[in-house]
S.K.: 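Here it is: the structure, laid out below.
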Amino acid sequence: MTLASKLPLVGTTIFTQMSALAAEFGALNLSQGFPDFAPDQRLLDRAATAITLGNNQYAPMTGLPALREAIAGLISQHYGRTVDANLEVTVTSGASEAIFDAIAALVRPGDEVVLFDPAYDLYEPAVLLAGGVWRRLALTAPDFRPDWQAFEAVLGPKTRLVIINSPHNPTGSCWQEQDLAALWQAIKSQDCYLISDEVYEFIHFGETAVSVHKHSQLRDRALVVSSFGKSFHLTGWKLGYVVAPAALSAELRKVHQFVTFCTATPLQAAMAEHLKALPEETFTLAGFYRQKRDLLRDLLAGSRFKLLPCDGTYFQLLDYSAISDEDDLSFCQRLVKDIGVAAIPVSVFYAEPPAGQRLIRLCFAKEDDTLKEAARRLSQL
Ligand code: PMP
Ligand code: GLN
(Lines give C-alpha, C1' and ligand atoms only; values in the text may rest on other atoms or scores of the structure.)
(Ligands and ions follow the chains in the order given, each with its own letter.)
Protein backbone atom coordinates (compact mmCIF):
# COMPACT_ATOMS: atom_id res chain seq x y z
CA MET A 1 0.00 0.00 0.00
CA THR A 2 1.14 3.54 -0.64
CA LEU A 3 0.66 5.79 2.33
CA ALA A 4 -0.73 9.06 1.02
CA SER A 5 0.25 11.55 3.71
CA LYS A 6 -2.26 14.17 4.81
CA LEU A 7 0.72 16.46 5.45
CA PRO A 8 3.15 15.63 2.64
CA LEU A 9 5.17 18.83 3.07
CA VAL A 10 5.52 18.59 6.85
CA GLY A 11 8.65 17.07 8.40
CA THR A 12 9.79 16.86 12.02
CA THR A 13 9.61 20.25 13.74
CA ILE A 14 12.68 22.44 13.80
CA PHE A 15 12.53 22.43 17.62
CA THR A 16 13.00 18.66 17.72
CA GLN A 17 15.72 18.82 15.07
CA MET A 18 17.76 21.58 16.65
CA SER A 19 17.47 20.33 20.24
CA ALA A 20 18.61 16.87 19.06
CA LEU A 21 21.54 18.40 17.18
CA ALA A 22 22.46 20.52 20.23
CA ALA A 23 22.46 17.38 22.42
CA GLU A 24 24.49 15.41 19.88
CA PHE A 25 27.22 18.07 19.76
CA GLY A 26 26.98 19.19 23.40
CA ALA A 27 26.09 22.71 22.25
CA LEU A 28 24.48 25.46 24.34
CA ASN A 29 20.83 25.12 23.39
CA LEU A 30 19.33 28.54 22.64
CA SER A 31 17.10 27.05 19.94
CA GLN A 32 13.88 25.52 21.32
CA GLY A 33 12.08 27.96 23.61
CA PHE A 34 12.38 26.70 27.19
CA PRO A 35 14.09 27.94 30.37
CA ASP A 36 17.27 26.22 31.56
CA PHE A 37 16.49 27.27 35.16
CA ALA A 38 14.13 25.67 37.66
CA PRO A 39 10.55 26.80 38.33
CA ASP A 40 9.54 28.09 41.78
CA GLN A 41 10.29 25.32 44.30
CA ARG A 42 6.94 25.95 46.05
CA LEU A 43 5.14 25.03 42.84
CA LEU A 44 7.13 21.82 42.51
CA ASP A 45 6.34 20.99 46.14
CA ARG A 46 2.65 21.59 45.50
CA ALA A 47 2.72 19.18 42.55
CA ALA A 48 4.49 16.54 44.64
CA THR A 49 1.92 16.99 47.42
CA ALA A 50 -0.98 16.77 44.97
CA ILE A 51 0.35 13.43 43.71
CA THR A 52 1.01 12.07 47.19
CA LEU A 53 -2.39 13.15 48.50
CA GLY A 54 -4.06 11.20 45.72
CA ASN A 55 -5.07 13.77 43.12
CA ASN A 56 -4.34 11.17 40.47
CA GLN A 57 -7.56 10.33 38.63
CA TYR A 58 -9.27 12.11 35.75
CA ALA A 59 -10.01 15.77 36.31
CA PRO A 60 -13.33 17.23 35.14
CA MET A 61 -13.22 17.53 31.35
CA THR A 62 -13.16 21.32 31.31
CA GLY A 63 -10.52 21.61 34.05
CA LEU A 64 -10.48 21.52 37.87
CA PRO A 65 -13.01 24.09 39.13
CA ALA A 66 -10.39 25.58 41.47
CA LEU A 67 -8.05 26.17 38.55
CA ARG A 68 -10.75 27.63 36.31
CA GLU A 69 -11.71 29.99 39.15
CA ALA A 70 -8.07 30.97 39.60
CA ILE A 71 -7.74 31.67 35.87
CA ALA A 72 -10.89 33.79 35.94
CA GLY A 73 -9.33 35.68 38.88
CA LEU A 74 -6.12 36.23 36.92
CA ILE A 75 -8.02 37.57 33.91
CA SER A 76 -10.06 39.88 36.12
CA GLN A 77 -7.02 41.15 38.02
CA HIS A 78 -4.83 41.62 34.99
CA TYR A 79 -7.27 42.75 32.31
CA GLY A 80 -10.36 43.88 34.21
CA ARG A 81 -12.43 41.34 32.27
CA THR A 82 -15.04 39.30 34.08
CA VAL A 83 -15.37 35.76 32.78
CA ASP A 84 -17.56 32.85 33.84
CA ALA A 85 -15.21 30.15 35.13
CA ASN A 86 -17.74 27.41 34.32
CA LEU A 87 -18.75 28.40 30.83
CA GLU A 88 -15.89 30.46 29.45
CA VAL A 89 -12.65 28.95 30.77
CA THR A 90 -11.24 25.60 29.60
CA VAL A 91 -7.98 24.00 30.76
CA THR A 92 -6.01 22.23 28.03
CA SER A 93 -2.80 20.24 27.65
CA GLY A 94 -0.73 23.26 26.68
CA ALA A 95 -1.61 26.11 24.37
CA SER A 96 -0.84 23.73 21.50
CA GLU A 97 -3.84 21.55 22.31
CA ALA A 98 -6.03 24.61 22.76
CA ILE A 99 -5.10 26.03 19.36
CA PHE A 100 -5.45 22.68 17.65
CA ASP A 101 -8.89 22.08 19.24
CA ALA A 102 -10.06 25.57 18.32
CA ILE A 103 -9.05 25.16 14.69
CA ALA A 104 -10.60 21.68 14.48
CA ALA A 105 -13.81 22.98 16.06
CA LEU A 106 -14.22 26.00 13.80
CA VAL A 107 -12.67 25.35 10.41
CA ARG A 108 -14.77 23.48 7.85
CA PRO A 109 -13.48 22.10 4.53
CA GLY A 110 -12.85 25.02 2.17
CA ASP A 111 -12.96 27.67 4.89
CA GLU A 112 -10.21 30.27 4.70
CA VAL A 113 -7.98 31.05 7.65
CA VAL A 114 -5.84 34.18 7.74
CA LEU A 115 -2.37 33.70 9.23
CA PHE A 116 0.57 36.03 9.33
CA ASP A 117 3.93 35.26 7.76
CA PRO A 118 6.06 34.39 9.75
CA ALA A 119 3.83 32.45 12.16
CA TYR A 120 4.26 29.82 14.87
CA ASP A 121 4.63 26.48 13.16
CA LEU A 122 1.57 24.59 14.41
CA TYR A 123 -1.14 26.84 12.93
CA GLU A 124 -0.78 25.89 9.29
CA PRO A 125 -0.78 22.06 9.62
CA ALA A 126 -3.78 22.26 11.95
CA VAL A 127 -5.67 24.30 9.35
CA LEU A 128 -4.75 21.82 6.61
CA LEU A 129 -5.88 18.82 8.68
CA ALA A 130 -9.25 20.53 9.18
CA GLY A 131 -9.58 20.91 5.39
CA GLY A 132 -9.10 24.68 5.57
CA VAL A 133 -7.20 26.91 3.19
CA TRP A 134 -4.66 29.30 4.70
CA ARG A 135 -4.00 32.82 3.50
CA ARG A 136 -0.77 34.38 4.74
CA LEU A 137 -0.14 38.06 5.18
CA ALA A 138 3.49 39.19 5.24
CA LEU A 139 4.93 40.87 8.31
CA THR A 140 7.99 42.86 7.36
CA ALA A 141 11.24 43.40 9.28
CA PRO A 142 12.27 45.17 11.41
CA ASP A 143 9.01 45.83 13.32
CA PHE A 144 6.91 42.97 11.85
CA ARG A 145 3.58 44.75 12.34
CA PRO A 146 0.73 44.14 9.85
CA ASP A 147 -0.20 46.25 6.86
CA TRP A 148 -3.92 46.61 7.58
CA GLN A 149 -4.88 47.57 4.05
CA ALA A 150 -3.29 44.40 2.75
CA PHE A 151 -5.09 42.50 5.51
CA GLU A 152 -8.48 43.75 4.35
CA ALA A 153 -7.67 42.63 0.82
CA VAL A 154 -7.06 39.06 2.06
CA LEU A 155 -10.47 38.82 3.74
CA GLY A 156 -13.39 37.43 1.77
CA PRO A 157 -16.71 35.62 2.13
CA LYS A 158 -14.94 32.35 2.89
CA THR A 159 -12.83 33.80 5.73
CA ARG A 160 -13.80 31.83 8.83
CA LEU A 161 -10.92 32.48 11.18
CA VAL A 162 -8.01 34.84 11.83
CA ILE A 163 -5.10 33.70 14.02
CA ILE A 164 -3.05 36.40 15.74
CA ASN A 165 -0.11 36.18 18.12
CA SER A 166 1.26 39.06 20.18
CA PRO A 167 3.88 39.10 21.70
CA HIS A 168 4.98 37.30 18.58
CA ASN A 169 7.00 34.14 18.14
CA PRO A 170 9.50 34.18 16.39
CA THR A 171 10.01 37.93 15.92
CA GLY A 172 9.54 39.33 19.45
CA SER A 173 7.33 42.09 18.03
CA CYS A 174 4.27 43.35 19.94
CA TRP A 175 1.10 44.80 18.56
CA GLN A 176 -0.23 48.17 19.65
CA GLU A 177 -3.75 49.35 20.45
CA GLN A 178 -4.19 50.66 16.92
CA ASP A 179 -3.52 47.19 15.51
CA LEU A 180 -6.43 45.71 17.45
CA ALA A 181 -8.59 48.67 16.42
CA ALA A 182 -7.69 48.09 12.75
CA LEU A 183 -8.34 44.36 13.11
CA TRP A 184 -11.78 45.05 14.53
CA GLN A 185 -12.63 47.51 11.76
CA ALA A 186 -11.59 44.91 9.17
CA ILE A 187 -13.49 41.92 10.56
CA LYS A 188 -16.51 43.47 12.25
CA SER A 189 -18.79 43.01 9.25
CA GLN A 190 -17.30 39.58 8.42
CA ASP A 191 -18.69 36.31 9.67
CA CYS A 192 -15.38 35.20 11.16
CA TYR A 193 -13.75 34.28 14.45
CA LEU A 194 -10.42 34.97 16.07
CA ILE A 195 -7.80 32.90 17.85
CA SER A 196 -5.52 35.16 19.86
CA ASP A 197 -2.39 33.26 20.87
CA GLU A 198 -1.23 35.18 23.94
CA VAL A 199 1.15 32.64 25.46
CA TYR A 200 3.75 35.38 26.03
CA GLU A 201 1.15 37.73 27.57
CA PHE A 202 3.31 38.47 30.64
CA ILE A 203 6.60 38.82 28.72
CA HIS A 204 6.42 42.25 27.10
CA PHE A 205 8.85 45.12 27.54
CA GLY A 206 6.76 48.17 26.66
CA GLU A 207 4.56 50.24 28.96
CA THR A 208 1.37 48.27 28.37
CA ALA A 209 0.55 44.98 26.73
CA VAL A 210 -2.10 44.74 24.10
CA SER A 211 -4.58 41.94 24.72
CA VAL A 212 -7.82 40.84 23.12
CA HIS A 213 -9.11 40.40 26.69
CA LYS A 214 -9.19 44.21 26.90
CA HIS A 215 -10.94 44.78 23.55
CA SER A 216 -14.65 44.78 24.29
CA GLN A 217 -15.72 43.79 20.75
CA LEU A 218 -12.98 41.47 19.55
CA ARG A 219 -13.17 39.36 22.70
CA ASP A 220 -16.79 38.42 21.94
CA ARG A 221 -15.54 36.64 18.81
CA ALA A 222 -12.29 35.31 20.17
CA LEU A 223 -10.69 32.32 21.77
CA VAL A 224 -7.82 33.75 23.80
CA VAL A 225 -5.18 31.10 24.44
CA SER A 226 -2.42 31.11 27.05
CA SER A 227 0.09 28.78 28.67
CA PHE A 228 1.37 28.37 32.21
CA GLY A 229 4.46 26.82 30.62
CA LYS A 230 5.68 30.29 29.64
CA SER A 231 4.48 32.22 32.68
CA PHE A 232 5.86 29.84 35.34
CA HIS A 233 8.95 28.36 33.64
CA LEU A 234 7.50 24.87 33.21
CA THR A 235 7.05 24.17 29.53
CA GLY A 236 7.08 20.41 30.19
CA TRP A 237 3.90 20.57 32.26
CA LYS A 238 1.94 21.36 29.09
CA LEU A 239 -0.68 23.26 31.01
CA GLY A 240 -2.65 25.79 28.98
CA TYR A 241 -6.05 27.43 28.92
CA VAL A 242 -8.58 29.09 26.66
CA VAL A 243 -10.96 31.90 27.48
CA ALA A 244 -13.87 32.31 25.07
CA PRO A 245 -17.56 33.22 25.13
CA ALA A 246 -19.80 30.31 26.18
CA ALA A 247 -20.92 29.33 22.66
CA LEU A 248 -17.34 29.21 21.36
CA SER A 249 -16.11 27.42 24.48
CA ALA A 250 -18.84 24.80 23.99
CA GLU A 251 -17.59 24.10 20.46
CA LEU A 252 -13.98 23.94 21.62
CA ARG A 253 -14.92 21.51 24.39
CA LYS A 254 -16.59 19.17 21.89
CA VAL A 255 -13.11 18.60 20.42
CA HIS A 256 -11.09 18.81 23.65
CA GLN A 257 -13.16 16.02 25.25
CA PHE A 258 -12.07 13.60 22.52
CA VAL A 259 -8.48 14.77 22.06
CA THR A 260 -7.32 14.50 25.67
CA PHE A 261 -10.55 14.59 27.71
CA CYS A 262 -8.65 16.32 30.49
CA THR A 263 -5.25 17.61 31.53
CA ALA A 264 -2.97 16.06 34.21
CA THR A 265 -4.94 16.41 37.47
CA PRO A 266 -2.10 16.91 40.01
CA LEU A 267 -0.54 19.63 37.87
CA GLN A 268 -3.86 21.44 37.69
CA ALA A 269 -4.28 21.13 41.48
CA ALA A 270 -0.78 22.49 42.07
CA MET A 271 -1.28 25.43 39.73
CA ALA A 272 -4.67 26.27 41.26
CA GLU A 273 -3.16 26.46 44.71
CA HIS A 274 -0.13 28.40 43.48
CA LEU A 275 -2.26 31.02 41.75
CA LYS A 276 -4.39 31.42 44.84
CA ALA A 277 -1.32 32.00 46.99
CA LEU A 278 0.88 34.00 44.61
CA PRO A 279 -1.06 35.74 41.86
CA GLU A 280 1.25 38.76 41.92
CA GLU A 281 4.24 36.71 40.74
CA THR A 282 3.18 36.70 37.13
CA PHE A 283 3.49 40.46 37.03
CA THR A 284 7.23 40.40 37.69
CA LEU A 285 7.97 38.22 34.69
CA ALA A 286 8.50 41.09 32.24
CA GLY A 287 11.19 42.69 34.44
CA PHE A 288 12.91 39.33 34.88
CA TYR A 289 13.09 38.72 31.14
CA ARG A 290 13.91 42.34 30.30
CA GLN A 291 17.13 41.94 32.30
CA LYS A 292 17.99 38.81 30.28
CA ARG A 293 17.15 40.47 26.97
CA ASP A 294 19.31 43.48 27.85
CA LEU A 295 22.18 41.28 29.00
CA LEU A 296 22.18 39.31 25.75
CA ARG A 297 21.87 42.45 23.63
CA ASP A 298 24.72 44.18 25.49
CA LEU A 299 26.94 41.12 25.16
CA LEU A 300 26.32 40.89 21.40
CA ALA A 301 26.50 44.63 20.72
CA GLY A 302 30.14 44.41 19.60
CA SER A 303 29.62 41.30 17.44
CA ARG A 304 29.03 41.16 13.68
CA PHE A 305 25.41 40.17 14.24
CA LYS A 306 22.80 42.87 13.80
CA LEU A 307 20.21 42.82 16.58
CA LEU A 308 16.57 43.32 15.62
CA PRO A 309 14.18 45.01 18.07
CA CYS A 310 12.70 42.74 20.75
CA ASP A 311 9.60 44.08 22.53
CA GLY A 312 8.30 40.83 23.99
CA THR A 313 8.65 37.01 24.25
CA TYR A 314 11.97 35.44 25.20
CA PHE A 315 13.32 35.41 21.67
CA GLN A 316 15.92 37.68 20.10
CA LEU A 317 16.38 37.80 16.32
CA LEU A 318 19.88 38.23 14.88
CA ASP A 319 20.73 39.20 11.30
CA TYR A 320 23.90 37.37 10.23
CA SER A 321 24.24 38.81 6.73
CA ALA A 322 27.54 40.50 7.63
CA ILE A 323 28.94 37.09 8.56
CA SER A 324 27.73 34.62 5.94
CA ASP A 325 25.76 34.13 2.71
CA GLU A 326 24.59 30.67 3.76
CA ASP A 327 20.89 29.89 4.06
CA ASP A 328 19.71 30.04 7.66
CA LEU A 329 19.32 26.27 8.19
CA SER A 330 22.89 25.57 7.02
CA PHE A 331 24.15 28.48 9.10
CA CYS A 332 22.39 27.15 12.24
CA GLN A 333 23.74 23.65 11.66
CA ARG A 334 27.24 25.07 11.32
CA LEU A 335 26.83 27.16 14.49
CA VAL A 336 26.11 24.01 16.48
CA LYS A 337 29.04 22.09 15.07
CA ASP A 338 31.66 24.86 14.86
CA ILE A 339 31.02 27.05 17.89
CA GLY A 340 28.61 25.02 20.02
CA VAL A 341 25.54 27.27 20.00
CA ALA A 342 22.13 26.10 18.79
CA ALA A 343 19.69 28.64 17.29
CA ILE A 344 16.53 28.45 15.18
CA PRO A 345 16.54 29.39 11.46
CA VAL A 346 13.71 31.90 11.07
CA SER A 347 12.74 30.82 7.52
CA VAL A 348 10.95 27.76 8.95
CA PHE A 349 8.18 30.02 10.26
CA TYR A 350 7.40 31.37 6.77
CA ALA A 351 5.29 30.17 3.87
CA GLU A 352 7.36 32.51 1.72
CA PRO A 353 10.60 33.62 3.36
CA PRO A 354 11.73 36.99 1.96
CA ALA A 355 14.56 36.51 -0.54
CA GLY A 356 17.95 37.22 0.97
CA GLN A 357 16.68 37.50 4.57
CA ARG A 358 19.27 36.03 6.92
CA LEU A 359 17.85 35.74 10.42
CA ILE A 360 18.28 33.36 13.32
CA ARG A 361 16.34 33.23 16.61
CA LEU A 362 17.97 32.88 20.03
CA CYS A 363 16.02 32.00 23.18
CA PHE A 364 17.19 34.06 26.15
CA ALA A 365 15.22 32.16 28.81
CA LYS A 366 18.58 30.95 30.08
CA GLU A 367 20.86 31.40 33.09
CA ASP A 368 23.00 34.53 32.78
CA ASP A 369 26.12 32.35 32.59
CA THR A 370 24.65 30.42 29.64
CA LEU A 371 23.91 33.70 27.87
CA LYS A 372 27.41 35.02 28.58
CA GLU A 373 29.11 31.92 27.21
CA ALA A 374 26.81 31.78 24.15
CA ALA A 375 27.50 35.45 23.39
CA ARG A 376 31.24 34.91 23.80
CA ARG A 377 31.13 32.10 21.26
CA LEU A 378 28.90 34.01 18.83
CA SER A 379 31.15 37.06 19.05
CA GLN A 380 34.05 35.03 17.62
CA LEU A 381 32.32 34.93 14.23
N1 PMP B 1 2.02 29.43 20.69
C2 PMP B 1 3.24 29.99 20.64
C3 PMP B 1 3.41 31.30 19.96
C4 PMP B 1 4.32 29.33 21.22
O5 PMP B 1 5.53 29.87 21.16
C6 PMP B 1 4.10 28.09 21.84
C7 PMP B 1 5.23 27.27 22.40
N8 PMP B 1 6.13 27.74 23.01
C9 PMP B 1 2.82 27.56 21.89
C10 PMP B 1 1.80 28.25 21.29
C11 PMP B 1 2.54 26.25 22.55
O12 PMP B 1 2.52 26.35 23.94
P13 PMP B 1 2.44 25.07 24.88
O14 PMP B 1 3.84 24.61 25.11
O15 PMP B 1 1.75 25.53 26.12
O16 PMP B 1 1.65 24.04 24.14
N1 GLN C 1 7.29 27.21 21.35
C2 GLN C 1 8.62 26.74 21.48
C3 GLN C 1 9.53 27.56 20.57
O4 GLN C 1 9.07 28.35 19.79
C5 GLN C 1 8.78 25.30 21.12
C6 GLN C 1 7.66 24.41 21.38
C7 GLN C 1 7.92 23.04 20.82
O8 GLN C 1 9.02 22.54 20.87
N9 GLN C 1 6.92 22.47 20.28
O10 GLN C 1 10.71 27.37 20.61
Side-chain angles (χ1 to χ4, degrees), residues 10-23 28-36 39 63 67 71 90-103 115-127 139 144 163-175 194-204 209 211-212 223-243 256 259-260 263-264 267-268 271 285 289 310-317 332 342-350 359-366:
V10 173
T12 303
T13 79
I14 194 68
F15 309 117
T16 304
Q17 286 182 47
M18 292 312 299
S19 280
L21 201 65
L28 298 171
N29 190 358
L30 276 60
S31 63
Q32 192 175 22
F34 64 88
D36 72 348
L67 181 56
I71 293 168
T90 308
V91 177
T92 57
S93 298
S96 308
E97 196 229 331
I99 296 164
F100 205 91
D101 293 351
I103 291 171
L115 309 176
F116 293 88
D117 204 22
Y120 186 57
D121 65 345
L122 87 73
Y123 308 154
E124 191 179 298
V127 169
L139 302 175
F144 296 101
I163 304 180
I164 66 174
N165 168 220
S166 176
H168 184 253
N169 183 6
T171 67
S173 65
C174 291
W175 282 16
L194 185 65
I195 293 176
S196 185
D197 179 346
E198 301 191 7
V199 299
Y200 301 102
E201 62 183 320
F202 299 120
I203 313 177
H204 60 85
S211 170
V212 166
L223 300 111
V224 184
V225 175
S226 196
S227 172
F228 290 118
K230 315 292 166 187
S231 305
F232 290 94
H233 313 314
L234 25 80
T235 58
W237 280 29
K238 296 299 289 188
L239 196 52
Y241 52 98
V242 192
V243 175
H256 165 71
V259 173
T260 55
T263 295
L267 303 185
Q268 292 195 54
M271 186 54 74
L285 204 60
Y289 278 120
C310 169
D311 297 326
T313 75
Y314 43 51
F315 302 119
Q316 171 67 54
L317 293 192
C332 284
I344 293 286
V346 171
S347 64
V348 300
F349 298 98
Y350 282 87
L359 295 178
I360 61 171
R361 190 196 79 177
L362 293 183
C363 171
F364 55 79
K366 305 293 165 189

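For the numbers below, each heavy atom of this structure counts, side chains included, while hydrogens, waters and symmetry mates do not. Remember, it's 1-based here, ligands and their atoms both numbered in the order they're listed.
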S.K.: Verify side chain to side chain contact (heavy atoms under 4.5 Å, CB included) between L234 and M271, making sure each step is shown before the conclusion.
M.R.: CA-CA 11 Å; L234 25 80; M271 186 54 74; 4.2 Å; yes

S.K.: Does K238 reach ligand 1 with a nitrogen or oxygen that is under 3.5 Å from one of the ligand's nitrogen or oxygen atoms?
M.R.: yes

S.K.: Could you tell me if any non-hydrogen atom of T13 lies under 4.0 Å from any atom of ligand 2?
M.R.: no

S.K.: Provide the closest heavy-atom pair for A95 versus S226 in the form atom of the first, atom of the second, distance.
M.R.: CB-O, 3.9 Å

S.K.: Using distance alone, determine whether R361 and ligand 2 share an N or O pair under 3.5 Å.
M.R.: yes

S.K.: Roughly how far apart are L285 CG and E201 CD, rounded to 0.5 Å?
M.R.: 9.5 Å

S.K.: Find the distance between CD (Q268) and CZ (F228) and round it off to the nearest 0.5 Å.
M.R.: 9.0 Å

S.K.: Is G33 in polar range of ligand 2, meaning some N or O pair under 3.5 Å apart?
M.R.: yes

S.K.: Of all the non-hydrogen atoms in the protein, which one sits nearest to atom 15 (O) of ligand 1, and at what distance?
M.R.: S227 OG, 2.7 Å

S.K.: So which heavy atom in the protein is nearest atom 16 (O) of ligand 1, and how far is it from that ligand atom?
M.R.: S96 OG, 2.5 Å

S.K.: Which of the numbered atoms in ligand 1 are under 4.0 angstrom from any heavy atom belonging to N169?
M.R.: 3 (C), 4 (C), 5 (O)

S.K.: Looking only at heavy atoms, is any part of L122 under 4.0 Å from ligand 2, and if so is it the side chain, the backbone, or both, or is it neither?
M.R.: neither

S.K.: Looking at F364, Y200, F202, which hits ring pair (Phe, Tyr, Trp, His ring centres under 6.0 Å) with Y314?
M.R.: Y200

S.K.: Measuring from non-hydrogen atoms of F34 to any atom of ligand 2, is the shortest distance under 4.0 Å?
M.R.: no

S.K.: For a quick test of reading the model, state the closest non-hydrogen atom pair linking Y350 to V346 and the distance between them.
M.R.: CD1-O, 3.5 Å

S.K.: How far apart are the C-alpha atoms of V212 and I164, what are their side-chain angles, what is the distance that settles it, and do they pass the side chain to side chain contact (heavy atoms under 4.5 Å, CB included) test?
M.R.: CA-CA 10 Å; V212 166; I164 66 174; 3.9 Å; yes

S.K.: Cation-pi check, K366 to F34: give yes when NZ or CZ is under 6.0 Å from the six-membered ring centre and within 45° of the ring axis, no otherwise.
M.R.: yes

S.K.: Which pair of heavy atoms, one from V91 and one from H256, lies closest together, and at what distance?
M.R.: O-CE1, 3.4 Å

S.K.: Below 4.0 angstrom from a heavy atom of G94, which ligand 1 atoms are there? Numbered from 1 as shown, please.
M.R.: 15 (O), 16 (O)

S.K.: I need the nearest protein heavy-atom contact for atom 7 (C) of ligand 2: residue, atom name and distance, please.
M.R.: F15 CD1, 3.6 Å

S.K.: How far is atom 9 (N) of ligand 2 from the closest protein heavy atom, and which atom is that?
M.R.: Y120 OH, 3.6 Å

S.K.: Hey, is the main chain of T263 close enough, under 3.5 Å, to the side chain of T260 for a donor-acceptor pair?
M.R.: no

S.K.: Give me the nearest non-hydrogen protein atom to atom 3 (C) of ligand 1 as residue plus atom name, then the distance to 0.1 Å.
M.R.: D197 OD2, 3.3 Å

S.K.: So for ligand 1, is N165 a polar contact partner (N or O within less than 3.5 Å, distance only)?
M.R.: no

S.K.: Could a heavy atom of Y200 be found less than 4.0 Å from some atom of ligand 1?
M.R.: yes

S.K.: Answer with yes or no whether H168 contacts ligand 1, where contact means a heavy atom under 4.0 Å from a ligand atom.
M.R.: no

S.K.: Among the heavy atoms of T235, does any lie under 4.0 Å from an atom of ligand 1?
M.R.: no

S.K.: Looking only at distances, please establish whether an N/O atom of ligand 1 is found under 3.5 Å from an N/O atom of A95.
M.R.: yes

S.K.: Between E97 and ligand 1, does any nitrogen or oxygen pair lie at a separation below 3.5 Å?
M.R.: no

S.K.: Nearest 0.5 Å, please: how far is CZ in F349 from CG in L139?
M.R.: 13.0 Å

S.K.: Closest heavy-atom contact between C332 and A343?
M.R.: SG-O, 3.8 Å

S.K.: Counting non-hydrogen protein atoms only, what is the nearest one to atom 8 (N) of ligand 1? Give residue, atom name and distance.
M.R.: K230 NZ, 2.0 Å

S.K.: Relative to ligand 1, is L122 under 4.0 angstrom through side chain, backbone, both or neither, heavy atoms considered?
M.R.: neither

S.K.: Determine whether a donor-acceptor pair (N or O, by modelled atom type, separation under 3.5 Å) exists between the side chain of Q32 and the backbone of M18.
M.R.: no

S.K.: Checking a contact table here: which protein heavy atom is nearest atom 8 (O) of ligand 2, and how many Å away?
M.R.: Q32 NE2, 2.6 Å

S.K.: Looking at atom 9 (C) of ligand 1, what's its closest protein heavy atom, distance included?
M.R.: Y120 CE2, 3.6 Å

S.K.: Could you tell me the separation between the OG atom of S347 and the CD1 atom of I360, rounded to the nearest 0.5 Å?
M.R.: 11.5 Å

S.K.: Using a 4.0 Å heavy-atom cut-off, which part of M18 comes near ligand 2: side chain, backbone, both, or neither?
M.R.: neither

